[in-house]
Amino acid sequence: FPSDLIRNFSIIAHIDHGKSTLADRLLELTGTIQKLRKGEQQMLDKLKVERERGITVKAQTASMFHNYMSKRYMLNLIDTPGHVDFSWEVARSLAACQGALLLVDASQGVQAQTLSVFHVAKERGLVIVPILNKGSKIDLPAADPELMAAQMHSTFGVDTSEILQISAKTGKGVESVLEAIIDRIPAPRSAMAEGDKRLKAFLFDSSYDRYRGVISLLSVQSGVMQRGDKIQSIATSKRYEVTDLGIMHPEEVPTTSLREGQVGWMVCSMKDSGEAHVGDTLHRVGETIEPMPGLKATKAMVYAGIFPVDSNDFVKLEESIKRLTLTDRSVTVSRESSSALGQGCRLGFLGTLHMDVFRQRLEDEYDANVIITAPTVPYKVIYKDREVYVSNPTNFPDVTNPTSQVKEVQEPVVNASIIVPEQFFGDMMDLLYNHRAEDMDFRYINVSAKDSRLILTAVMPLSEIVTDFFDKLKSRSSGFASFDYEDAGYKASNLAKIVFLVHNKPVDALALIVHRSAEQAVARTWVKKLQKVIPRQLFEVPIQAAVGKKIIARETLSAIRSDVTAGIYGGHYERKLKHIENQKESKKRMKRFGSVDLPQEAFFDILRS
Ligand code: GDP
Ligand code: MG
């Protein structure tokens with residue numbers, strides 16, 4: 001396929017603005033897929049969790065062909081995830097494109113993520129095709145296309161005459177999108193000078209197949225890749241032989257080659273998925289080339305321990321986690337053991353949604369029954385002579401102890417932005433304030449009689465966002481606020497570790513790192529929760545929360561009066577035996593804390609709530 005007839009593009013949009021629906025229409029209109037029946041699942045959202053939650057987790061690509069002005073074009077759609085947790089995946093998908101369709105829901109207008117992805121696309125020099133979706137009045141009565149077009153003009157600097165108005169749902173105007181892709185987005189240009197045929201391929205995604213090994217998604221920047229080619233990675237210098245390649249149409253279709261400008265899949269003699277470095281550049285053995293400018297590596301922002309509900313299932317759980325991380329390389333894994341929960345794994349995620357999705361996939365696809373500890377962000381502990389990152393509260397030092405040698409503790413912070421209608425300004429400021437936001441600022445992005453909206457910005461601790469911030473934001477703005485954030489480094493903070501003691505023994509899996517202004521409230525809530533889930537014993541059990549040596553909250557679990565076996569003596573032997581048998585059974589699932597038995601289910605309950 002000659003590269004002047006190729007277009008590589010993405011659709012960028014805030015979640016729910018219709019990206020997947022538009023992708024389906026484009027695939028239908030070009031005959032790539034059969035027309036979907038009403039209510040049928042979207043083509044590009046392949047994972048079960050993605051369909052259930054209506055979000056795209058892993059970016060997918062699809063090639064389609066379209067005849068226009070008596071020429072046949074190859075259009076490569078590179079889908080991007082639509083959630084802040086995955087913004088890094090957005091950046092890498094966009095690196096393989098020359099243009100992006102910027103989709104805005106006409107009834108909602110520009111939202112926080114529309115802005116952030118727009119900036120990523122702009123930085124990469126992509127041509128932007130602005131589109132208003134759900135645009136016709138018949139389609140959605142609340143839509144106000146004129147107002148929204150004016151808003152897109154003021155926020156993105158696009159000419160209102162360039163804005164396409166479509167309905168992805170009904171298909172109205174989607175033909176004009178195909179035309180704009182061909183007319184406005186430039187063909188991919190060779191990364192090399194005229195006549196230079198050296199192979200240069202950019203690896204932007206990879207997945208693992210048990211039978212075929214590592215499958216990479218590539219964008220060929222120059223030259224041609226064919227089966228049998230000997231290739232080499234710039235990142236690792238390792239060499240491979242290309243065994244199979246092709247395009248996504250929308251499933252994998254083998255072809256004889258992948259040429260300059262094309263996007264497709266490739267299988268080579270790479271067996272270990274750890275060798276497929278996203279952002280890597282591949283070239284032919286014996287040739288030298290300049291690498292593509294690298295992408296920022298993923299950074300885990302949220303950590304949690306995962307333990308099997310039944311400790312006998314650890315081996316199976318670890319195996320499942322390993323398999324799952326082969327399809328999602330942004331998850332980091334290490335082993336962890338806890339006196340309360342036994343053997344488990346400590347996982348690092350891009351965000352809490354990412355964590356939830358991973359847990360759901362473990363449960364859905366691997367039938368795992370797991371306990372997840374409270375999420376924590378990576379803290380930086382600065383000693384006189386060294387810095388240590390702590391992503392497990394158990395390893396957090398007791399800062400109240402003068403002999404701990406800790407000079408300072410820092411926590412990750414983010415630049416947060418919220419777009420919200422003016423009437424919620426007060427509620428939002430209040431919410432931000434309660435979540436330790438600093439440097440708050442705001443400006444209007446839209447002023448009109450009908451719709452005045454603001455963008456609020458602030459610097460916030462990441463730990464404040466990984467809890468229930470998002471839910472609060474939605475409820476306190478009646479669903480109208482949208483939110484996005486980006487990494488803003490580390491900042492010194494007054495933090496401490498709360499340790500919970502059951503019958504004077506610390507329960508490691510429950511330790512928490514909190515800001516000292518919140519320690520009392522948090523300690524009290526958790527002590528109460530524990531009192532509810534821990535079964536009463538034959539004696540009184542104190543449940544306490546401590547910071548360093550100081551107890552800051554306490555509840556007491558009262559004793560059960562009579563012995564459970566008391567009523568059974570002297571009576572039926574068989575019943576007695578059965579009772580002892582039952583006790584043995586439940587013993588297995590108990591964890592002993594000094595003299596207190598804690599059922600694993602209690603942890604499950606408390607950590608789920
Ligand atoms: P994504 O999160 O950007 O991929 O959004 P989806 O494509 O999943 O669409 C979100 C919701 O909006 C779905 O319920 C779609 O059926 C609906 N939707 C998409 N396009 C249109 C449109 O043009 N008109 C109307 N009324 N609804 C639409
Ligand atoms: Mg979608």
Side-chain angles (χ1 to χ4, degrees), residues 83-85 87 298-306 331-332 336 346-356 358-359 372-382 387-400 406 408-418 428 430-440 457-474 483-500 508-526 529 545 547 552 606-607 609:
H83 190 275
V84 270
D85 279 8
S87 56
T298 25
K299 213 161 63 178
M301 298 297 256
V302 175
Y303 290 83
I306 294 201
V331 179
T332 64
E336 170 174 10
R346 187 131 202 110
L347 305 189
F349 302 99
L350 304 177
T352 40
L353 177 80
H354 188 210
M355 177 173 95
D356 285 348
F358 192 88
R359 174 177 56 200
I372 292 200
T373 63
T376 172
V377 301
Y379 293 96
K380 198 153 102 181
V381 181
I382 300 172
E387 288 180 9
V388 181
Y389 285 88
V390 176
S391 55
N392 186 343
T394 312
N395 304 330
F396 197 80
D398 175 10
V399 290
T400 64
V406 175
E408 186 173 279
V409 178
Q410 297 184 350
E411 65 180 330
V413 288
V414 297
N415 291 324
S417 51
I418 296 173
M428 293 297 106
D430 196 42
L431 179 70
L432 284 171
Y433 182 76
N434 288 330
H435 285 270
R436 299 197 281 131
E438 288 176 1
D439 302 337
M440 288 179 262
T457 54
V459 178
M460 284 177 78
L462 178 66
S463 66
E464 293 293 326
I465 293 171
V466 307
T467 54
D468 53 356
F469 180 76
F470 198 70
D471 295 335
K472 284 193 200 150
L473 179 91
K474 284 289 171 192
F483 172 70
D484 203 355
Y485 63 85
E486 60 180 25
D487 185 12
Y490 277 81
K491 218 173 181 169
S493 186
N494 190 11
L495 302 160
K497 170 161 72 169
I498 303 183
V499 175
F500 294 91
D508 60 355
L510 298 178
L512 294 171
I513 300 167
V514 294
H515 191 258
R516 300 217 62 174
S517 63
E519 75 185 21
Q520 278 290 335
V522 172
R524 256 185 253 129
T525 319
W526 278 77
K529 273 204 225 176
V547 166
I552 59 168
I606 194 163
L607 290 168
S609 62

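As the structure is a prediction and not an experimental result, all values here were calculated from the model. We count residues from 1, following the sequence as given.
For Y303, the ring-ring contact (aromatic ring centres under 6.0 Å, His included) test picks out no residue, with sequence neighbours left out. Remark: N494 engages no residue in a side chain to side chain donor-acceptor pair (under 3.5 Å) (not counting sequence neighbours). Residues satisfying the side-chain contact (heavy atoms from CB on, under 4.5 Å) test with K472, not counting sequence neighbours, are L431, H435, D468. For R346, the salt bridge (charged side-chain N to carboxylate O under 4.0 Å, His left out) partners two or more places apart in sequence, or in a different chain, are E336. Applying the ring-ring contact (aromatic ring centres under 6.0 Å, His included) test to Y389 and every residue at least two apart in sequence or in another chain returns Y490. In this structure, the side-chain contact (heavy atoms from CB on, under 4.5 Å) partners of V388, at least two apart in sequence or on a different chain, are Y383, R386, V390. Looking at residues two or more places apart in sequence or on another chain, you find no salt bridge (charged side-chain N to carboxylate O under 4.0 Å, His left out) involving D398. Residues that satisfy the side-chain contact (heavy atoms from CB on, under 4.5 Å) test with V499, not counting sequence neighbours, are K497, P506. With sequence neighbours excluded, the residues that form a side chain to side chain donor-acceptor pair (under 3.5 Å) with E408 are Q410. Residues meeting the side-chain contact (heavy atoms from CB on, under 4.5 Å) test with V413, sequence neighbours left out: V459, A488, K491. Under the salt bridge (charged side-chain N to carboxylate O under 4.0 Å, His left out) criterion, R516 pairs with E519, not counting sequence neighbours. A search for side chain to side chain donor-acceptor pair (under 3.5 Å) contacts involving T457 returns nothing, not counting sequence neighbours.
Of the residues listed (I465, V377, D487), the one engaging P412 in a side-chain contact (heavy atoms from CB on, under 4.5 Å) is V377, and it is the only one.
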Residue pair Y379, S463: steps toward the side-chain contact (heavy atoms from CB on, under 4.5 Å) verdict: CA-CA 10 Å; Y379 293 96; S463 66; 3.7 Å; yes

Worked verdict on T400 versus V547 for side-chain contact (heavy atoms from CB on, under 4.5 Å): CA-CA 8 Å; T400 64; V547 166; 3.8 Å; yes

Worked verdict on V409 versus I513 for side-chain contact (heavy atoms from CB on, under 4.5 Å): CA-CA 11 Å; V409 178; I513 300 167; over 6 Å; no

side-chain contact (heavy atoms from CB on, under 4.5 Å) assessment of M428 paired with L473: CA-CA 7 Å; M428 293 297 106; L473 179 91; 3.7 Å; yes

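Note: S517 OG to R436 CZ = 6.0 Å, rounded to the nearest 0.5 Å. Between the CE atom in M460 and the CD1 atom in I418 there is a gap of 7.0 Å [rounded to 0.5 Å]. Note: K474 NZ to F469 CZ = 11.0 Å, rounded to the nearest 0.5 Å. Here M301 contributes atom CE and T376 contributes atom OG1; the two are 12.0 Å apart, rounded to the nearest 0.5 Å. Distance check: S417 OG to F483 CZ gives 7.5 Å after rounding to the nearest 0.5 Å.
Looking only at side-chain heavy atoms (C-beta outward), M355 and P375 come within less than 4.5 Å of each other. Residues L462 and E411 are not in side-chain contact: their nearest non-hydrogen atoms beyond the backbone lie 4.5 Å or more apart. A heavy-atom distance below 4.5 Å is found between the side chains of E387 and I382.
Here the closest non-hydrogen pair linking A545 and A523 is CB-CB, 3.7 Å. Shown here for V381 and P397, the closest heavy-atom pair between the two residues is CG1-CG, 3.8 Å. The minimum heavy-atom distance between L347 and I306, with the atom names listed, is CD1-CD1, 3.6 Å.
Between the side chain of T373 and the backbone N or O of G305 there is at least one donor-acceptor pair closer than 3.5 Å.
Between H354 and F349, the angle of the ring planes goes over 60°, which puts this pair in the perpendicular group of the 30/60° scheme.
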